[in-house]
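Since the structure is predicted, the reported quantities are computational estimates derived from the model, not experimental observations. Computed from heavy atoms alone, side chains included, the values below leave out hydrogens, waters and symmetry copies.
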Amino acid sequence: MRNNRIYILILGVLFAVIYSMIFDVKLDLNGDNVHYLTLAKNISDGLGYSNVTPNGTVPASHFPPGYSAFLSVFMLLGIRSLVFFKILNGILFFVSLMGIFYLLWKITDNRVLAFVCALLAVFSPHTLQFSSMVMSEMLFFFCSVVCFYALYKYSAIEGGTSRFRTLLWLFVIIIFAAYAYYVRAAGIALIFAIVIFFLFRGQWLRGIAALGGILLLLLPWWIRNRTLGIESRYFGTMMTVNPWRPEEGSISSVGEFIRKMITNFDETVIKGFREIIFPFIPVNYEVNSSVFQIVTGLFILGIILYGAWNLKLLKWAFIAYLLGQIGLFMLWHGGNESRYVIPIAPFIIVCFYNGLYCLLISRVKNSSKTTLYSPYAFLILIFALWPTVKAISVKAKEPYPPAFENYFTIAKQMQKQLPKNTVCCRKPEFFTYFAPDLYAINYLYSTEPGEVIKDMIEKNVDYVVLEQLGYASTVRYLYPAILANEDLFELMWTLPNPDTYLLKFNRERAIEKLEKNN
């Protein structure tokens, strides 16, 4: 027990030091974090899980409600600080790592291996970066760890005298698996893992009971969406060639879908897993992997699955979870590099080094102190991981990029001088964050300028922000529409370096022009 306290103390101190280094007080520029905050605010304000539009509230469905509901609890208590929510995610990350340390220690009966794997997960730059964002990844990771912890406790006491404790852990499994799905739809992989866990134990009735309990808890969300006529966006996105370029259409053949799955597998597993485990080795996501890279990636995947296989009581659950996640990566859309791997990154790291350790000791005939303490050798990788962590620390202290500074400045000034207007812009969630009294909407993703203008008319747009945030859609859809209809836009304000424009949209003239052309 004394050794455990020492390991936990070291992990805690190192995590606190590293986390304070990489902590970024700024709003993250991915956009989704603002969606979560806005939805949480709407819930706490009594508007339900909905978006606010010029025409009133509209039921939200783009994200599952779990993370926003979690944040709304703190907002109801009067806590609405961005920094607080970031720290909260850091706490979730650390507590989850302690759960992994405990699980690996108990399953392998090797404290050193558990400590080393947890420590290497602490130095994972990708996970660290997301733990400093107001994003759902850390809550999902926490729910997953609680589920595996409950599965372990269920296995450890099963067959004992306490039937109550067995059922208690079964309820914990059901509740946290269902909530994981409410946090991220990828929670379906966790549900799959639980079913497989009971299946390979020959406990059909318990498996059916667990699945039934989870589905029962998910039923309100499905009924709500069905009642409101909301269709799942996931199937539509899976069948879309490129969700950021609607003009490319949908997947129309089995061969095309298979090619998409192969591309996604290359991006998320062959490249993504390698980047998570070895972030200090550059990965080029712009080109397909070479034969050597594919073989290397498959070898890494093999070690990860072998490490999961050696997790004894939970081997089938971990293998099913990893394979379930890989299946979802292949079905989803590409273009996000290793982002979708982040919620399971610590599991990948732990399984990889456990697999590597098991391979090494399999060559040793007799167990000894050398094999027991050999995992310490893995810590040499910290010297390679440190520069990547340091790079995140440097980035965290930098100000917003100039293009975003201009964009936010326009939003803040419009909030002061022109409230209650509708603004068309890229990343409207950012605009609304700094200008909550304005309605910000995105432009239509269409290569037909007339369709873009028509959409602005229908959405009662008053102003347009033409920015240089770096998104290709602005150049592809918005800018051509403005060039083709310069008479409909009046320049109100320009901010330099880089040029960012606030344009007044003449909706009445646009209506006349549209009617004349028709």
Side-chain angles (χ1 to χ4, degrees), residues 27-28 30-82 84-85 88-89 133-137 139-140 143 178-188 216-237 243 411 414-415 419-445 455-463:
L27 192 69
D28 191 74
N30 71 70
D32 289 354
N33 60 155
V34 183
H35 277 301
Y36 287 123
L37 286 166
T38 302
L39 289 168
K41 178 179 178 297
N42 292 343
I43 293 172
S44 64
D45 289 344
L47 300 176
Y49 190 60
S50 60
N51 294 306
V52 178
T53 73
N55 300 318
T57 58
V58 175
S61 63
H62 188 78
F63 301 106
Y67 185 55
S68 295
F70 173 74
L71 296 178
S72 71
V73 173
F74 297 94
M75 290 188 177
L76 285 169
L77 297 174
I79 304 172
R80 302 199 173 194
S81 166
L82 177 68
F84 172 83
F85 291 132
L88 186 61
N89 259 5
M133 301 178 191
V134 186
M135 296 284 285
S136 64
E137 278 78 359
L139 181 57
F140 181 81
C143 291
Y179 192 65
Y181 182 88
Y182 274 114
V183 174
R184 293 178 71 85
I188 195 170
L216 190 63
L217 291 176
L218 298 180
L219 197 58
W221 173 245
W222 295 335
I223 292 175
R224 178 256 194 189
N225 289 344
R226 185 67 179 267
T227 303
L228 295 172
I230 298 172
E231 296 182 0
S232 173
R233 72 183 178 95
Y234 296 104
F235 181 75
T237 302
M414 288 191 72
Q415 169 69 12
K420 302 302 179 185
N421 283 286
T422 300
V423 183
C424 178
C425 54
R426 185 69 171 93
K427 288 293 179 181
E429 59 272 21
F430 282 134
F431 204 92
T432 304
Y433 183 84
F434 291 99
D437 292 335
L438 283 95
Y439 297 108
I441 56 98
N442 206 346
Y443 43 81
L444 180 68
Y445 283 21
D455 183 68
M456 289 183 187
I457 294 172
E458 293 174 352
K459 293 177 179 176
N460 296 316
V461 170
D462 301 300
Y463 293 90

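- Scored by the salt bridge (charged side-chain N to carboxylate O under 4.0 Å, His left out) test, D455 finds K459 as partners (sequence neighbours excluded).
- Residues N460 and Y439 are not in side-chain contact: their nearest non-hydrogen atoms beyond the backbone lie 4.5 Å or more apart.
- Side-chain contact check for L37 versus M75: some heavy-atom pair is nearer than 4.5 Å.
- Under a 3.5 Å cut-off, the side chain of N33 and the backbone N or O of D28 do form a donor-acceptor pair.
- Checking side-chain atoms of E429 against main-chain N and O of D32 turns up no donor-acceptor pair under 3.5 Å.
- At least one side-chain heavy atom of Y433 sits under 4.5 Å from a side-chain heavy atom of L82.
- When side chains are defined from C-beta on, Y182 counts as touching P65, because their heavy atoms get closer than 4.5 Å.
- A donor-acceptor pair under 3.5 Å is formed between the side chain of N89 and the backbone N or O of M133.
- Contact check for Y67 versus L39: no side-chain heavy atoms found under the 4.5 Å cut-off.
- Two rings, from Y181 and Y179, have their centers 6.0 Å or more apart.
- Counting all heavy atoms, side chain and backbone alike, A180 lies closest to C143 at CB-CB, 3.8 Å.
- Inter-residue side-chain proximity for R426 and N442 is flagged as met; some heavy-atom pair is nearer than 4.5 Å.
- Relative orientation of the W221 and Y49 rings is perpendicular, given thresholds of 30° and 60° on the angle between their planes.
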For the pair N30 and M135, evaluate side-chain contact (heavy atoms from CB on, under 4.5 Å) and give the outcome as yes or no after the intermediate values. CA-CA 10 Å; N30 71 70; M135 296 284 285; 3.6 Å; yes
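- Here the shortest heavy-atom pairing between F431 and A440 reads CB-CB, 3.9 Å.
- Atom CD1 of I188 sits in a sparse spot, with 12 or fewer heavy atoms from other residues, nucleotides or ligands closer than 6.0 Å.
- Nearest heavy-atom pair across Q415 and P436 is OE1-N, 3.4 Å.
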Begin with the C-alpha distance, continue with both residues' side-chain angles, and end with the deciding distance and a verdict on side-chain hydrogen bond (donor to acceptor under 3.5 Å, both in side chains) for Y36 and S136. CA-CA 8 Å; Y36 287 123; S136 64; 3.2 Å; yes
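- With hydrogens and angles disregarded, a donor-acceptor distance shorter than 3.5 Å links the side chain of S44 to the backbone of K41.
- Between the side chain of N42 and the backbone N or O of L47, no donor-acceptor pair lies under 3.5 Å.
- Atom CD1 of I43 sits about 8.5 Å away from atom CG of L71, to the nearest 0.5 Å.
- Residues passing the salt bridge (charged side-chain N to carboxylate O under 4.0 Å, His left out) test with R80 are D45, sequence neighbours excluded.
- A donor-acceptor contact shorter than 3.5 Å is absent between the side chain of Y463 and the backbone of C425.
- Nearest approach of C424 to V461, heavy atoms of both residues: CB-CG1, 3.8 Å.
- Note that CG of N51 is 9.5 Å distant from OG1 of T57, once rounded to the nearest 0.5 Å.
- I79 CD1 to S72 OG: the interatomic distance, rounded to the nearest 0.5 Å, is 12.0 Å.
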